[in-house]
There are 2 protein chains.
Amino acid sequence: MERKKRTYTESVEKLRNVGLKPTRQRIALANILFSKGFRHIKAEDLYNEAISENIKVSLATIYNCLHQFTEAGLLREIKIDSTCSYFDTNLEPHHHYYFEKSKRVEDIIIDYKTSTITLPEPPQGGKIRTIDIVARVDA
Amino acid sequence: MERKKRTYTESVEKLRNVGLKPTRQRIALANILFSKGFRHIKAEDLYNEAISENIKVSLATIYNCLHQFTEAGLLREIKIDSTCSYFDTNLEPHHHYYFEKSKRVEDIIIDYKTSTITLPEPPQGGKIRTIDIVARVDA
DNA sequence: ATTTGTGCAAATCGTTTGCATCTGA
DNA sequence: TCAGATGCAAACGATTTGCACAAAT
């Protein structure tokens, strides 16, 4: 009970900090997303999890929130599979394993002591926003 | 005329080599894909290009062929954007710039003299099939 | 002749949108 | 109060599927 209350307060704070009004649904989703370690989650999964916790929320709101959280810098969207989007709660620079059979995503922490990537300048003077590395695993 | 005929024959050969029956549509699509340098193409684009060259083909066949070509090792599918798939005619190991505004894809040839990537072992004993590197450019 | 490919239209799937209703400050 | 959030169902766009017809060997 105490723990639950603390999680709730933390979610409210987190939302306020990024300028999002702490509504029932946003608080509940933030609780799910941020209270038990790093996660890679699909909209559908988050929806099911919310429903199974008796949170009254629609799929449209799930999508809205995921995008709002991403824009606010609470999540990072990862594009791995053309059939669906994943959202990552780990904001630190890191990369991913993608298990193609189980469609699961897992973090890779690259050791930059033994890794260097040198890219040529992008043509047309654009700035590189991110570099995504995905190791696709046959499992 | 002579050049056209040679391209045609080459496409027929190429299809036979990978065990695909050289039908009108497959030959025509192979001509488009493989006769003018490396390309990154979407199903829709290939369809439009085919139509504008008066090739009688349906979108369903475009998808069939792209997948058959990919399985046969003539193309490589690249997953960059969750809204659509790209197919790359360059089979050499290389990576990509993705211009997010124009949704264009361009090759990066990484210089492995100055780049090394060391990944930890994938968990669960799966084998790494490919490593995809996408530099997302704000242009 | 027999196998294989193709076209079409309908179905599917993840995601987005429009709009009426509700909620939080 | 009242801007902003939510729910619902319908719209969407890329891709796939089922099945009758056509083409390649």
Side-chain angles (χ1 to χ4, degrees), chain A residues 8-9 11-32 40-51 54-72 74-75 77-87 103 105, chain B residues 8-9 11-32 40-51 54-72 74-75 77-87 103 105:
Chain A
Y8 178 91
T9 312
S11 293
V12 171
E13 283 302 298
K14 195 181 277 254
L15 290 168
R16 285 230 173 83
N17 286 339
V18 297
L20 290 172
K21 196 188 281 187
T23 64
R24 286 190 206 310
Q25 291 81 342
R26 297 215 267 230
I27 296 163
L29 297 179
N31 290 347
I32 295 179
H40 307 94
I41 202 166
K42 290 183 270 192
E44 193 83 31
D45 296 339
L46 181 55
Y47 179 67
N48 291 330
E49 222 169 299
I51 294 303
N54 294 311
I55 295 158
K56 203 179 160 302
V57 68
S58 73
L59 192 50
T61 297
I62 298 284
Y63 278 104
N64 284 339
C65 289
L66 285 172
H67 290 135
Q68 291 153 356
F69 287 12
T70 303
E71 254 180 77
L74 300 177
L75 290 175
E77 187 171 1
I78 50 186
K79 292 167 184 187
I80 285 193
D81 190 282
S82 32
T83 64
C84 65
S85 285
Y86 288 81
F87 293 84
K103 295 186 153 235
V105 179
Chain B
Y8 178 92
T9 313
S11 292
V12 171
E13 284 301 298
K14 195 181 276 256
L15 291 168
R16 286 229 171 83
N17 285 341
V18 297
L20 288 173
K21 197 188 279 188
T23 64
R24 285 190 206 310
Q25 289 83 341
R26 296 214 267 230
I27 296 163
L29 297 178
N31 289 347
I32 294 179
H40 308 94
I41 202 166
K42 290 183 269 190
E44 193 83 33
D45 295 340
L46 181 55
Y47 178 67
N48 291 330
E49 223 168 299
I51 294 302
N54 294 310
I55 295 158
K56 201 180 162 306
V57 67
S58 74
L59 192 50
T61 297
I62 298 283
Y63 278 104
N64 284 338
C65 288
L66 285 173
H67 289 136
Q68 292 153 354
F69 288 11
T70 302
E71 256 181 76
L74 300 176
L75 290 176
E77 187 171 1
I78 49 187
K79 292 166 183 187
I80 284 192
D81 190 282
S82 32
T83 63
C84 65
S85 285
Y86 289 80
F87 293 85
K103 296 186 153 235
V105 180

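Just so we're on the same page: letters track the sequence lines, and every chain starts at 1.
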Verdict with supporting geometry, Y86(B) and K103(B), side-chain contact (heavy atoms from CB on, under 4.5 Å):
CA-CA 10 Å; Y86(B) 289 80; K103(B) 296 186 153 235; 3.8 Å; yes
With axes from five pairs an end, tell me the bend angle of the helix from dA1(C)-dT25(D) to dA25(C)-dT1(D), nearest 10°.
30°
Using a heavy-atom cut-off of 4.0 Å to chain A, what are the terminal contacting nucleotides of DNA chain D, in 5' to 3' order?
dG4(D) to dC8(D)
Rounded to the Å, how far apart are [X] [atom1] and [N] [atom2]?
| X | N | atom1 | atom2 | result |
| --- | --- | --- | --- | --- |
| R26(B) | dT4(C) | CZ | C1' | 8 Å |
| I62(B) | dC8(C) | CD1 | C1' | 15 Å |
| Q25(B) | dT4(C) | CD | C1' | 12 Å |
| Y47(A) | dC13(C) | OH | C1' | 16 Å |

Using a cut-off of strictly less than 4.0 Å, decide whether T61(B) has a side-chain nitrogen or oxygen near OP1 or OP2 of dT6(C).
no
Look at all strands and tell whether K56(A) reaches a base, only sugar-phosphate, or nothing, counting heavy atoms closer than 4.0 Å.
sugar-phosphate
More than 12 heavy atoms from other groups under 6.0 Å of CD on E77(A)
yes
Taking atom CD as the centre, does E13(B) end up with more than 12 heavy-atom neighbours from other residues, nucleotides or ligands that are less than 6.0 angstrom away?
yes
So how far is it from T61(A) OG1 to K56(A) NZ, rounded to the nearest 0.5 Å?
9.0 Å
Approximate separation, where rounding is to 0.5 Å, of S85(A) OG and I41(A) CD1
13.0 Å
Protein within reach of the bases, or only the backbone? For nucleotides 16-25 of chain C, mark each nucleotide 5' to 3' as B, S or -, using heavy atoms under 4.0 Å.
BB------SS
Qualifying residues under side chain to side chain donor-acceptor pair (under 3.5 Å), relative to E49(A), sequence neighbours excluded:
R39(A)
Side chain to side chain donor-acceptor pair (under 3.5 Å) with N31(A): which residues, sequence neighbours excluded?
S11(A)
Which residues share a side-chain contact (heavy atoms from CB on, under 4.5 Å) with V18(A), sequence neighbours left out:
L20(A), A72(A), L74(A)
